[in-house]
**Student:** 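One structure, pasted below without further comment.
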There are 2 protein chains.
Amino acid sequence: MRQMSAPAPSAASPAAPAFSPLYQQIKSLIIQRLQAGEWKAGEAIPSEQELAARFGVSQGTVRKAIDEMAAEKLVVRRQGKGTFVATHAEQEVRYRFLRLVPDEGEAEGKLGRQLLDCQRQRAPAWIAKQLQMRAGDAMIEVRRLLHSKGRPIVLDDIWLPGALFKGLTLEKLEQHRGPFYGFFEAEYGVHMIRAEEKIRAVAADTESAALLDVPVGTPLLSVERLSFTYGDRPVELRRGLYHTEAHYYRNELN
Amino acid sequence: MRQMSAPAPSAASPAAPAFSPLYQQIKSLIIQRLQAGEWKAGEAIPSEQELAARFGVSQGTVRKAIDEMAAEKLVVRRQGKGTFVATHAEQEVRYRFLRLVPDEGEAEGKLGRQLLDCQRQRAPAWIAKQLQMRAGDAMIEVRRLLHSKGRPIVLDDIWLPGALFKGLTLEKLEQHRGPFYGFFEAEYGVHMIRAEEKIRAVAADTESAALLDVPVGTPLLSVERLSFTYGDRPVELRRGLYHTEAHYYRNELN
DNA sequence: GAGTGGTCTAGACCACACT
DNA sequence: GTGTGGTCTAGACCACTCC
């Protein structure tokens with residue numbers, strides 16, 4: 001592989017220079033292979049030496065590519081062992097995207113899970129738009145409650161593209177233990193690597209109030225999350241209603 | 001400077017190995033100088049070559065130290081020009097810590113600012129604890145409103161340690177244009193480099209409802225922010241109440 | 001001991017900004 | 001042109017894991 005240089009001025013390339021450093025190109029190639037499922041979640045990818053040989057670049061260049069991927073949490077480095085495809089199934093990073101923390105005792109204990117519903121539907125326009133599908137396309141909706149110390153804390157409404165999650169049923173979800181994202185990786189090869197959340201304060205309506213066991217009108221945190229897989233493809237939309245009486249949403253600003 | 005190696009087994013060092021890579025030591029040294037105010041906000045720090053010579057290490061080692069500092073936004077690299085002390089005063093990063101976004105039109109227009117109050121007080125226990133001071137120590141409280149398109153959106157209550165912000169008055173705050181954090185840097189040498197937020201949904205009480213021009217009981221986002229300067233020293237506590245009818249709090253998960 | 005990632009070095013060359 | 005950060009290389013050695 002050779003450094004891509006700036007286009008010659010005489011060449012017919014009116015717009016994008018399409019230039020990028022070697023290590024970025026290497027990074028893209030590795031991500032392509034990740035996306036293709038060449039290595040499964042939790043497995044080791046080839047060593048830096050081997051990748052360097054394979055791509056015909058120095059180890060330092062591969063290293064810089066992998067450094068960025070580690071920073072983006074696409075992979076995890078382990079000294080002496082290798083570099084591994086990141087997974088939501090591991091103990092340390094379970095509920096990586098859940099920022100809800102109890103007021104007392106930093107470490108949230110085990111969360112109880114109660115599945116309410118799992119239906120095949122046609123995507124309404126506002127959901128289809130965010131998931132980059134067409135209105136009316138097949139979509140799966142899952143609803144569930146999370147409990148902490150026996151009390152309902154989170155009411156989640158989850159929407160998934162039907163094309164990616166063929167055969168997903170309530171039974172399958174119930175059989176699986178642990179977070180959904182670990183299940184999605186193992187069962188459908190869909191890795192959530194990044195998400196955007198829109199947070200608002202709303203009042204509980206009659207249905208959510210009943211499910212969360214609070215009076216109608218109670219202020220709740222509405223958390224709308226759009227999750228992305230490789231290549232910035234949106235693959236999940238969910239809206240959570242959080243009861244923040246004894247919990248809070250924790251965020252770090254840098 | 002030489003690599004600090006693991007302690008000899010015979011030496012009397014029962015606990016902490018106190019080992020760290022060279023580039024981490026360099027990073028600490030540079031941060032110490034930042035903290036000491038050797039270079040002011042927005043100024044250039046010495047070139048990588050010069051720092052390497054000064055510390056007696058290779059340029060690559062200094063580079064790695066500065067890479068981390070750039071990732072933590074302590075410093076900003078500019079190719080061809082140099083490396084600069086990060087500042088909240090620059091146009092691009094103003095309101096770096098404010099995550100509130102209007103529903104329509106990603107780019108928040110100019111925010112109107114209305115100062116309500118600035119008082120010297122004694123810190124109550126719950127504030128003193130978070131700011132790592134003693135209850136009863138001198139503290140400054142500032143209250144303000146932020147407006148968007150003429151409507152009040154944010155009600156902020158800000159608490160600062162009196163010892164660090166001597167002579168801060170309502171008049172001084174009013175004279176200054178732009179975000180508080182730029183003002184704090186320029187006037188008091190206090191750089192906010194990181195913050196933690198605790199977010200909940202609450203109901204507007206009579207006072208906040210009046211100030212934000214909403215009915216009592218309206219769900220509001222309560223955002224409690226603890227900001228830190230170098231060395232993880234907490235130097236500001238604020239609580240904001242956000243009206244999220246036409247705005248939302250945007251967050252990115254990685 | 002062999003294999004992996006982690007650190008450090010020295011030097012070459014490129015891209016960019018100022019003057 | 002000079003000086004800055006940005007990329008790439010090649011090689012040495014260290015730290016950790018597993019056999």
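Note on naming: letters A, B, ... go to the chains in the order of the sequence lines (proteins, then strands), and numbering restarts at 1 for each one. In what follows, every heavy atom counts, from backbone to side chain, and hydrogens, waters and symmetry copies are set aside.
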**Student:** If I take atom NZ in residue A:K64 and atom C1' in nucleotide D:dG6, what distance separates them, rounded to the nearest angstrom?
**Tutor:**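 Going from A:K64 (NZ) to D:dG6 (C1'), I get 7 Å.
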
**Student:** Give a yes/no on whether any side-chain N or O of B:K81 is located under 4.0 angstrom from OP1 or OP2 of C:dC16.
**Tutor:**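 So the side chain of B:K81 is outside the cut-off, no N or O lying under 4.0 Å from OP1 or OP2 of C:dC16.
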
**Student:** Heavy atoms from C-beta onward define the side chain here; which of D:dG5, C:dA10, C:dT4 lies closest to that of A:S47?
**Tutor:**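 Closest nucleotide among those given: C:dT4.
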
**Student:** 5'-most contact on DNA chain D: A:G60 or A:G80, nearest heavy atom basis?
**Tutor:** A:G60

**Student:** Looking at side-chain heavy atoms only, is the closest gap between A:V223 and A:R99 below 4.5 Å?
**Tutor:** no

**Student:** Is the distance between the ring centroids of B:H88 and B:F184 under 6.0 Å?
**Tutor:** no

**Student:** Hey, is the side chain of A:T83 poking within less than 4.0 Å of OP1 or OP2 on C:dG5, counting only N and O atoms?
**Tutor:** yes

**Student:** What contact category does A:R78 fall into here, base, sugar-phosphate, or nothing, at under 4.0 angstrom with non-hydrogen atoms?
**Tutor:**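 The residue A:R78 makes sugar-phosphate contact but no base contact.
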
**Student:** Tell me whether the side-chain N/O atoms of A:R63 come closer than 4.0 Å to OP1 or OP2 in C:dG5.
**Tutor:** no

**Student:** Round to a whole Å and report the spacing from CD of A:E48 to P of D:dG11.
**Tutor:**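 Those two atoms, CD and P, are 17 Å apart.
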
**Student:** Among C:dC16, C:dC8, C:dG5, which nucleotide has an atom closest to any side-chain atom of B:Q79?
**Tutor:** C:dC16

**Student:** Measure the distance from CG on A:D67 to P on C:dG5 and round it to the nearest whole Å.
**Tutor:** 12 Å

**Student:** Does OP1 or OP2 of D:dG6 have a side-chain N or O of B:R77 closer than 4.0 Å?
**Tutor:** yes

**Student:** Can you tell me if B:T61 touches the phosphate of C:dT9, counting only side-chain N or O atoms and a distance under 4.0 Å to OP1 or OP2?
**Tutor:**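 True: B:T61 side-chain N/O within range (under 4.0 Å) of C:dT9 OP1/OP2.
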
**Student:** Let me know the distance between CD of A:E43 and P of C:dT4, rounded to the nearest Å.
**Tutor:** 16 Å

**Student:** Figure out the CD/C1' separation between A:Q24 and D:dT7, and round it to whole Å.
**Tutor:**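 It is 11 Å, rounded to the nearest whole Å.
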
**Student:** Name the closest nucleotide to the B:V57 side chain, picking from C:dT7, D:dG6, C:dT9.
**Tutor:** C:dT9

**Student:** For A:L22 and C:dA15, give me the distance from atom CG to atom C1', rounded to whole Å.
**Tutor:**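 Distance, rounded to whole Å: 15 Å.
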
**Student:** Taking pairing as Watson-Crick or G-U wobble with both contacts under 3.5 Å, can you name the mate of C:dT19, or confirm there isn't one?
**Tutor:**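 Check on C:dT19: unpaired, no WC or wobble geometry under 3.5 Å.
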
**Student:** Is the closest side-chain donor-acceptor distance between A:Y23 and A:D67 under 3.5 Å?
**Tutor:** no

**Student:** Does a donor on one side chain sit under 3.5 Å from an acceptor on the other, for B:E236 and B:Y181?
**Tutor:** yes

**Student:** Starting at CG of B:L51 and ending at P of D:dG3, how long is that distance when rounded to a whole Å?
**Tutor:** 17 Å

**Student:** Measure CD/A:E50 against P/C:dT4 and give the value in whole Å, please.
**Tutor:** 8 Å

**Student:** Using a 3.5 Å cut-off and no angle test, enumerate the donor-acceptor pairs between side-chain atoms of residues 50-61 of chain B and protein atoms at least two apart in sequence or in another chain.
**Tutor:**
unit_1, atom_1, unit_2, atom_2, d
B:E50, OE2, B:R54, NH2, 3.3
B:S58, OG, B:G60, N, 3.4
B:S58, OG, B:T61, N, 3.4
B:S58, OG, B:T61, OG1, 3.3
B:Q59, OE1, B:Q49, NE2, 3.4
B:Q59, NE2, B:E48, OE1, 2.9

